[in-house]
2 protein chains.
Amino acid sequence: MAIVRRSEKRDAILRLIQQTDCHPSADWVYQQMKDTYPGLSLGTVYRNLKQLSELNIIRRVGVIQGQERFDRETRPHAHFICNRCGLVLDLPDQEPGQGFVQACSEQYGFVVEGHEFNLCGLCADCKKIMKLEELQS
Amino acid sequence: MAIVRRSEKRDAILRLIQQTDCHPSADWVYQQMKDTYPGLSLGTVYRNLKQLSELNIIRRVGVIQGQERFDRETRPHAHFICNRCGLVLDLPDQEPGQGFVQACSEQYGFVVEGHEFNLCGLCADCKKIMKLEELQS
DNA sequence: TTGCTTAATAAGAAAAATTACTCTTTACAA
DNA sequence: TTGTAAAGAGTAATTTTTCTTATTAAGCAA
C-alpha cells in the first residue's frame, strides 16, 4: 500500500466519526462538514472513508437502505440493524468459534482476516409503530 | 405486502439463480438473460431481485467490490468472501447462540428476523498469488 | 369461454449513491 | 528549495433505486 500522508480533511473526517456513535454514511459526514470546509468535495469524503477502512482505522458496516454506513469501532463486535428505520446499534461481539475459523482455513485453504456479524429485524420503536399500524388496518 | 402475480421475467430470473452456485450480481443476471429476452430492462432485474429477496425466495449476500450479490440458498448459513477476487462461498451455518438473540431481544426490545454472518479474507488461489507477489518484490 | 376491471409488472428515463479519472495543489524528504 | 507522489476538487462513469406510463395477468360477470 502507498505511503499515507497527513491531511487536514482526513483528520477532520476521522475526528467527526470518532465523536459520534450513529454509524454515519458518507453523505452524513459531508453534510456535517461542508459548512466548516466550504470547498470539500463529496468524492474526497468517499475516498478517505475507503482509505480509513482499508487502514482498519474505521470499519464498514454494510449498505443499509441504499447507503454504506461506517463504524468508529474496529474491534470485533456484532451489529443490530433495523430493517424499517435503518438504526445501527453495536452489540457485544459474537465471536465465530475459533474452531470454526480453523476448520474453514484448513478445509478450503483460506486466510481469514475478519468477520462481520449482523442481526436484522425491528428496533423497539419500530416494533411499536408496526403494532399500531396493524391495529389501524 | 401486495399480491404477487406470475411473471415470465421473474420466473426466468429465479430459474437462472437456482441453476448457479456463483452468487450472482444484478448485472451478471442481466448479461446472461439479455440475448434470450432482448427487451429486458436492467431495472426489471433489480426490481425482481429485490422482490424475490423480500419474499425470502432468494437472499442478499452483501455488496462485494461495489456490487450486490445474491444467493439461491435462503436457509441460514455463513459465507466466506475473498477480499481480492470477490469469490463468495457457502459455509455451514454458524448459528448465533440462541441465548445471544434472546438476550438482545430482551435487553433492547428488538424483534430479530434474521442474521448474516460473513468471514472475510483470502481464498486459496489468491493466497498463492499474494505469496508470489511478495517473492517478486 | 369471452370480455371487463384492476392492480401488478415491464420498459425506459431520471435520480441517487458510489467509484473512477483528470488535472491541480500540497506534504514531505532529500 | 526542489522533486515526488499523495491528496483534493471537479467531472464523468458505474451501480442501484425511483418514477412514469403502458402492458398484461388474473379474478369476476355475463
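By convention in this document, chain letters (A, B, ...) are assigned in the order of the sequence lines, proteins followed by strands, and residues within each chain are numbered from 1. Side chains are part of it too, since the values below use all heavy atoms of this structure and drop only hydrogens, waters and symmetry mates.
Within 4.0 Å of A:Arg6, counting heavy atoms only, lie sugar-phosphate atoms of the nucleic acid but no base atom. In this structure, A:Asn48 reaches the sugar-phosphate backbone alone: every heavy-atom distance under 4.0 Å involves primed, P, OP1 or OP2 atoms, never a base. Nucleic acid contact class of A:Gly66 (heavy atoms, under 4.0 Å, all strands): sugar-phosphate only.
Closest to the A:Ala26 side chain, of the nucleotides C:dT18, D:dA6, D:dG10, is C:dT18. Among the nucleotides D:dA25, C:dA17, D:dT17, the one closest to any side-chain atom of A:Gln67 is C:dA17. The side chain of B:Lys9 lies closest to C:dA10, out of C:dA8, C:dA10, D:dG8. Comparing C:dT19, C:dT18, D:dA6 by their closest approach to the side chain of A:Arg60 singles out C:dT19. Minimum atom distance to the side chain of A:Glu68 is reached by C:dT18, of the listed D:dA6, D:dT24, C:dT18.
Summary of the strand contacts: A:Ser25 and B:Tyr37 both lie near DNA chain C, and taking for each the nucleotide with the nearest heavy atom, the more 5' one is attributed to B:Tyr37. Mapping B:Lys50 and A:Gly39 onto DNA chain D via the closest heavy atom, the residue that lands nearer the 5' end is A:Gly39.
Distance CZ (A:Phe70) to C1' (C:dA17): 12 Å, rounded to an integer number of Å. Nucleotide C:dA11 holds its P atom 9 Å from the CE atom of B:Met33, rounded to whole Å. Atom pair B:Tyr46:OH and D:dT16:P shows a separation of 3 Å (rounding to whole Å applied). Rounded to a whole Å, the CZ atom of B:Arg47 is 13 Å from the C1' atom of D:dT21. If you take CG of B:Leu49 and C1' of D:dT15, they are 13 Å apart, rounded to a whole angstrom. Look at CD1 on B:Ile64: it is 11 Å from P on D:dT16, rounded to the nearest Å. Per the geometry, CG belonging to A:Asp11 stands 9 Å off P belonging to D:dG8, to the nearest Å. Atom P of nucleotide D:dA9 and atom CD of A:Glu8 are separated by 10 Å, given to the nearest angstrom.
Side-chain contact between B:Asp71 and B:Arg60 is absent, with no heavy-atom pair separated by less than 4.5 Å.
Contact check, B:Gln51 against C:dT9: a side-chain N or O comes under 4.0 Å of OP1 or OP2. Contact between the side-chain N/O atoms of B:Ser41 and the OP1/OP2 oxygens of C:dG12 is not found at any separation under 4.0 Å. At the phosphate of D:dG8, OP1 or OP2 sits under 4.0 Å from a side-chain N or O atom of A:Ser7.
In the model, A:Asn83 has a side-chain atom that pairs as donor or acceptor with a side-chain atom of B:Glu113 under 3.5 Å.
A distance of 11.5 Å separates CD in A:Glu68 from NZ in A:Lys50, rounded to the nearest 0.5 Å.
For A:Arg10 against D:dA7, no side-chain N or O and base N or O form a donor-acceptor pair under 3.5 Å.
Under the side-chain contact (heavy atoms from CB on, under 4.5 Å) test applied with A:His79, the options A:Ile64, A:Asp90, A:Leu87, A:Leu89 reduce to a single match, A:Asp90.
Between B:Arg59 and B:Glu73 there is no salt bridge, since no side-chain nitrogen of the basic residue lies less than 4.0 Å from a carboxylate oxygen of the acidic one.
Between B:Tyr108 and A:Phe80, a ring centre-to-centre spacing not shorter than 6.0 Å is recorded.
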